[in-house]
Structures are given as structure tokens and as C-alpha cells.
Amino acid sequence: MKLFLAMLSHETNTFSNVPTDRGQFEARNLHYGGEILETYRGTGTCLGGMIDAAERLGARLVPSVAAAASPAGPVTTDIYGHVKERMLADLRAAGRLDGVLLDLHGAMVTEGLDDGEGDLIQAVRAVVGPTVPIAVTLDFHGNLSEEMVRGAELLHGYKTYPHVDMAERGMEATARLLEVIAGRIRPTAALRTPPLLPPLGNQGTTRGPMRRLYDLAEVMEKDPKVISVSIFAGFPHADIPQAGLSVYVVTDNDQALADRLADQLAQVAWTHRHEFIHRSLPVAEAVAKALAAEGRPIILADMADNTGGGAAGDGTEVLRELLRVGARSAVVACIWDPAAVRECAKAGVGASVTLEVGGKVDSRHGAPLRVTGIVRTLSDGRFVHKGPMARGLPGRLGTTAVLDVNDVKIILISYRWQTLDPEMIRFVGLDPLEQKVLVIKSTIHYRAAFEPIAREIVEVDAPGLSSSNLARFDFKRIRRPIFPLDPDTTYP
Ligand SMILES: [Zn+2]
């Protein structure tokens with residue numbers, strides 16, 4: 001049994017002016033061949049789950065390329081072409097294959113393509129022919145297209161946000177692919193895309209409208225005729241026609257059942273559409289509330305400046321307010337500012353520096369902020385994820401500095417990465433439990449590891465490209481009408 005294995009993952013925020021080029025992939029993940037197995041084996045990722053299941057079920061993997069970059073603007077034609085050509089060349093060279101396993105995102109936009117995954121899956125299909133089955137794992141934020149559904153026998157979306165089931169989905173996709181190869185199941189799929197563009201803020205699956213949908217899906221999956229159900233909340237910061245929530249149901253050779261269940265889930269999502277609308281506190285109000293709260297640590301969630309949603313990661317508005325009111329015992333995790341890091345490194349640990357931090361990427365995350373502080377630590381930015389998301393996966397933040405401005409400690413990083421793990425605070429010598437306030441630049445993911453240690457969480461409505469206030473964005477190419485931008489939208 002021989003399975004092809006590859007990964008290409010990017011969530012593209014089309015409002016970002018940061019191009020996702022080769023350097024962005026090299027800074028994060030760009031691996032080839034056998035190196036992929038060594039890097040991902042045993043990690044809480046889709047690839048980790050795929051490798052584990054293949055080895056357990058006796059399938060041999062042909063690893064090709066694994067590429068991922070932090071969410072930002074469109075993927076350049078250069079790096080997309082490189083990864084795609086490498087994948088197709090390896091497929092041609094692999095000889096007879098029994099199946100193909102792909103770990104993709106579902107919301108990748110390249111410089112020339114709205115639907116990156118649709119293009120890639122169709123290209124893989126063209127090489128392997130119509131009889132070799134393809135199974136794909138996709139992120140919960142995928143914006144699904146008919147091309148993806150037609151091109152692959154099986155799509156498996158993450159069922160959680162924070163994404164804590166990636167390894168499980170990788171295992172499931174592998175096991176189901178082997179059943180297809182053995183002729184035990186015949187996947188038959190239905191896709192529904194109601195005119196619904198949920199902001200990120202209320203997409204979490206521990207409560208709210210997505211929890212209701214996945215509770216229903218869980219019941220549906222008990223039917224032996226149902227292979228799997230995925231409800232993609234979608235990625236709203238992609239100004240493309242297929243952006244939005246989608247429902248994908250795949251059954252064992254029963255189209256009527258797939259259609260019926262997909263319709264039912266789409267209707268439930270629609271009925272409860274108002275629950276997706278998200279509200280958070282203005283910056284000054286949120287900071288005052290956090291400082292007045294009992295106990296520690298209190299988390300200020302800077303939801304709109306989440307690099308994991310394609311925001312710059314260098315937003316300054318929450319920091320500006322903390323300094324304005326003279327807050328103490330605070331950590332800002334993290335601000336992406338390689339230039340400020342270089343200045344800190346040049347000055348050295350213990351030195352006092354005056355410099356501008358953040359606000360440098362664009363005009364949508366607050367202006368640069370001039371501060372004077374002491375460089376407390378410098379590090380190479382290497383840590384290992386220990387929280388429920390991506391546990392065991394090495395992380396790289398590049399050269400990292402802690403700049404202490406009157407007990408407001410700013411963690412300055414050189415590579416963009418969402419603050420989803422308390423380890424990103426601990427590895428520079430700060431104890432998150434000892435701080436009064438932790439400013440965390442993340443929308444939902446931080447909750448998996450930070451909720452258990454937080455005394456209270458305050459969600460902030462600061463400016464930024466992952467804001468849940470969709471009225472802030474100038475959409476031009478999404479489907480209209482669409483809820484909530486067009487409140488009178490009807491469905492079906
Ligand atoms: Zn996601």
C-alpha cells in the first residue's frame with residue numbers, strides 16, 4: 001500500500017499588504033522528502049496524524065513537500081508554482097500509487113487564483129488519473145469550492161476552533177482513504193454554501209452557533225451510511241466570491257442522504273445566523289476593565305491584530321493605552337517588529353533604548369509608538385509548543401527581545417506567529433501567572449491554552465485586519481447579498 005503525502009497550507013487575508021513569498025514559507029515550514037516524516041511524526045498536526053495512522057495501518061508513505069506560512073496577503077506566483085511543480089513532479093516519479101493524502105488549508109488565494117486549493121487538487125487529479133483516490137484535510141476556516149469537492153474523494157475539515165483536532169483529522173482521513181482503496185466505501189458528497197459570512201469572533205466551537213452545528217453533526221455521523229460531516233465557518237477576510245460558511249457531507253454511496261443532511265445543517269446555521277455577530281469593548285474601556293478586575297492574570301485579547309488571521313501583528317493601540325494610564329505588571333505578546341528587535345540586539349541586554357515599536361506594516365493597526373525601555377532579554381526565538389494546539393511542534397520567532405517599559409514588557413519578535421501558547425511568554429523568562437495583564441494577539445486560538453490559566457478574559461475591539469467588525473472592510477468581490485453585511489439576505 002503506497003500513499004503520496006504532501007502539505008501546502010496558507011490562510012490568505014486579501015486585505016493584507018504583506019506578500020506571502022518564499023521567505024515567509026522558509027521562515028515557517030518548507031520541508032522536502034523524508035525530512036517531513038522526521039519533522040511532523042508525533043506532533044499534534046494533520047501530518048502528524050497521517051504519519052501515525054499510515055505507520056499503524058501498514059501503509060508506506062511517499063513524502064513530497066510540506067509548506068506552510070503565517071497568514072498574510074496572497075501567496076506569490078513564484079512560491080505557489082514551486083510547491084505545485086515539486087508536488088506534481090514527485091507524483092509522476094512515484095510510480096504506481098494507491099492513494100493521495102493532502103494536508104491543505106482551504107482559504108489560500110494566490111496572486112492569480114482565488115481558489116488555490118481547487119487548482120492544486122485538480123492538478124493532482126490530472127496527474128494521478130480518475131481511479132486513484134485523494135483524501136484532503138482542510139482547516140475549519142476553509143472557503144470551500146465545487147472544484148475542491150469534485151477533485152477529491154474525501155475532504156475532512158477540522159471540527160474545532162481552537163483547532164485541537166488536527167492530528168485526529170489526519171488519522172481519520174488516512175483511515176478512510178484506506179477504506180476507499182479497499183473498496184469498502186464509495187464516497188458521495190454534498191456541499192452547501194448559504195450566504196453567510198461569519199466574523200471570526202463567534203466562530204469558536206466550545207460554545208455558540210458552531211457548537212450547536214457540530215453537536216448535530218456528531219449525531220449525524222452515528223449513521224453508518226455517513227462517512228463524515230464538516231462545517232467550515234469560513235475565512236471572512238478573503239474578498240473572493242466563495243468566502244463564507246459551508247457544509248460538506250460525505251456518505252457511503254447515498255446522494256439523497258448527503259443532500260438531506262447538508263440542507264438541514266445549512267438551514268440550522270442560517271436560522272441562528274444572528275449569533276455569529278460579535279461585539280467587544282473599545283480599547284480604553286477594555287484596558288480599564290482589565291486593570292480593575294480581581295486577581296491575575298487578566299487577558300486582554302487583541303482579536304483584530306491576530307497574525308493567524310492575516311493581521312500585521314504589530315498593532316500598537318492596546319499598548320498605547322496601557323502606557324497612557326501607567327499600567328504595571330503587563331506583558332504584550334507579541335509585536336512583530338524585526339527593525340525594533342535589531343535595535344534592541346545592537347544595544348544589548350541591560351541597555352536603555354528609545355525606539356519606535358509597531359505600526360509599521362500599514363495604517364490599519366495603529367501608528368508606531370515611541371517608547372523608552374530596558375532590554376531585558378534577547379533570544380533566538382526557538383521554543384516548542386506545549387499547549388493543546390500543535391503540541392510538540394517546534395516554533396521559531398526569529399531573534400526575540402523583551403523590552404521593559406516601566407513594567408510593561410513588550411515581546412518583540414522577528415517572525416510572524418500567533419500568540420497561541422503560554423510557552424511564547426515563558427521561553428523569554430516571563431511567568432504568565434505572575435502578570436496582572438497579558439495582551440494576547442489572537443482571536444480564538446489562545447483560548448485552548450490560556451483560558452485554563454486566565455482569571456478573566458476581556459475581548460478588545462482594536463483596529464486590525466482580523467477584526468470581527470466586518471463593516472470595517474471594503475469588500476468588492478464577495479457574493480452579495482450576504483449576511484451580516486446585508487441584513488435582509490434571505491435563504492434558501
Ligand atoms: Zn483556522
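Both ligands and their constituent atoms are indexed starting at 1 by order of listing.
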Under 2.8 Å from the Zn ion (ligand 1), is there any N, O or S atom belonging to [X]?
{"X": "His445", "value": "no"}
{"X": "His105", "value": "no"}
{"X": "Asp139", "value": "yes"}

Member of Tyr158, Phe140, Tyr161, Phe450 meeting the ring-ring contact (aromatic ring centres under 6.0 Å, His included) criterion with His445: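 Single pass found, and it is Tyr161.
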Donor-acceptor side-chain pairing of Tyr40 and Asn29 below 3.5 angstrom: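 Yes, a side-chain donor-acceptor pair sits under 3.5 Å.
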The Zn ion (ligand 1) - name of the N/O/S atom of His141 that sits closest to it: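 Per the distance ranking, His141 contributes ND1 as its closest N/O/S atom to the Zn ion (ligand 1).
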N/O donor-acceptor pair under 3.5 Å between Ser442 side chain and Leu420 backbone: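 It does not hold such a pair.
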Check: His274 ring centroid to Phe276 ring centroid under 6.0 Å: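 No, ring centres 6.0 Å or more apart.
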